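Written out below as structure tokens is the structure these notes cover.
Computed from heavy atoms alone, side chains included, the values below leave out hydrogens, waters and symmetry copies. Quick caveat, the model's predicted, so the values are computed rather than measured.
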Amino acid sequence: MLYEVIKNKHTEAIKSRNSLLKSAYGNVLAKIMVAEKSGNYPLPLEDSVVESLIVKEIKELEETRSFYKPSDDKYEDISVQIAELNQYLPKPLTETEVESMILGYVAATEETNKGKITGAIAKAVGNRFDKKLIKGIVDKVLEA
């Protein structure tokens, strides 16, 4: 389970006194604990939920990094944390791959309702593509 991997990496970071990685993994673990206690997810948490929490942490780190100049030490530190957490995410899909998924779904189901198509594709891509962009791609594919 991805949760166990993150927990072990956090322990390793503590033992090696690597404060950057300790912080990155610790923040993800905190998000995991909140998700577990929220009651919104079945326990134990599935890897897809943990991946979404990692994505959330990466987005927060990227936002924080945007306040610094690339020449700042803090910018580089945050970049290291982002790179470390990115290794636990599945390979992102390209827009072309999502388009072909949409075409395949439409061909297989003969569905024409944009909302249903968008929902099905959003579920299929999981954390591998920005879900906010799917509606635009569905519109583009169906208009073609």
Closest approach of [X] to [Y] (non-hydrogen atoms, all atoms of both residues):
| X | Y | answer |
| --- | --- | --- |
| L142 | K114 | CD1-CG, 3.4 Å |
| Y3 | D47 | N-OD1, 4.4 Å |
| V49 | S52 | O-OG, 2.6 Å |

N/O donor-acceptor pairs under 3.5 Å from side chains in residues 36-44, not counting sequence neighbours:
{"from": "S38", "atom 1": "OG", "to": "A35", "atom 2": "O", "distance (Å)": "2.7"}
{"from": "S38", "atom 1": "OG", "to": "N40", "atom 2": "N", "distance (Å)": "3.2"}

So [Y] and [X], do their side chains get closer than 4.5 Å, heavy atoms only?
| X | Y | answer |
| --- | --- | --- |
| L133 | V98 | no |
| I102 | I137 | yes |
| V5 | V50 | no |
| R65 | E62 | yes |

| field | Whether over 12 other heavy atoms sit under 6.0 Å from Q87 CD | value | yes
| query | Would the number of heavy atoms belonging to other residues, nucleotides or ligands and lying under 6.0 Å from CD of E63 be above 12? | reply | no
For [X], side chain to side chain contact (heavy atoms under 4.5 Å, CB included) partners two or more places apart:
| X | value |
| --- | --- |
| D72 | Y68, K69, Y75 |
| K31 | L53, K56, E57, E60 |
| T94 | T96, E97 |
| A122 | K131, I134 |

Treat each ILVMFWY residue as a node, draw an edge where side-chain heavy atoms are under 4.5 Å apart, and state whether [X] and [Y] are in one component.
| X | Y | answer |
| --- | --- | --- |
| I121 | L103 | yes |
| L93 | V55 | no |
| I54 | V125 | no |
| L89 | F129 | no |

What distance separates [X] [atom1] from [Y] [atom2], expressed to the nearest 0.5 Å?
| X | Y | atom1 | atom2 | result |
| --- | --- | --- | --- | --- |
| T109 | K116 | OG1 | NZ | 10.0 Å |
| L85 | K9 | CG | NZ | 11.5 Å |
| H10 | I6 | NE2 | CD1 | 10.5 Å |
| Q81 | I58 | CD | CD1 | 10.5 Å |
| I82 | L61 | CD1 | CG | 5.0 Å |
| E84 | S23 | CD | OG | 12.0 Å |

| message | Restricting to salt bridge (charged side-chain N to carboxylate O under 4.0 Å, His left out), what partner residues turn up for E99, sequence neighbours left out? | response |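 Result, salt bridge (charged side-chain N to carboxylate O under 4.0 Å, His left out) vs E99: K140.
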| message | Looking only at side-chain N and O atoms, does E12 offer a donor or acceptor that is under 3.5 Å from a partner on Y25? | response |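 E12 and Y25 do not have a side-chain donor-acceptor pair below 3.5 Å.
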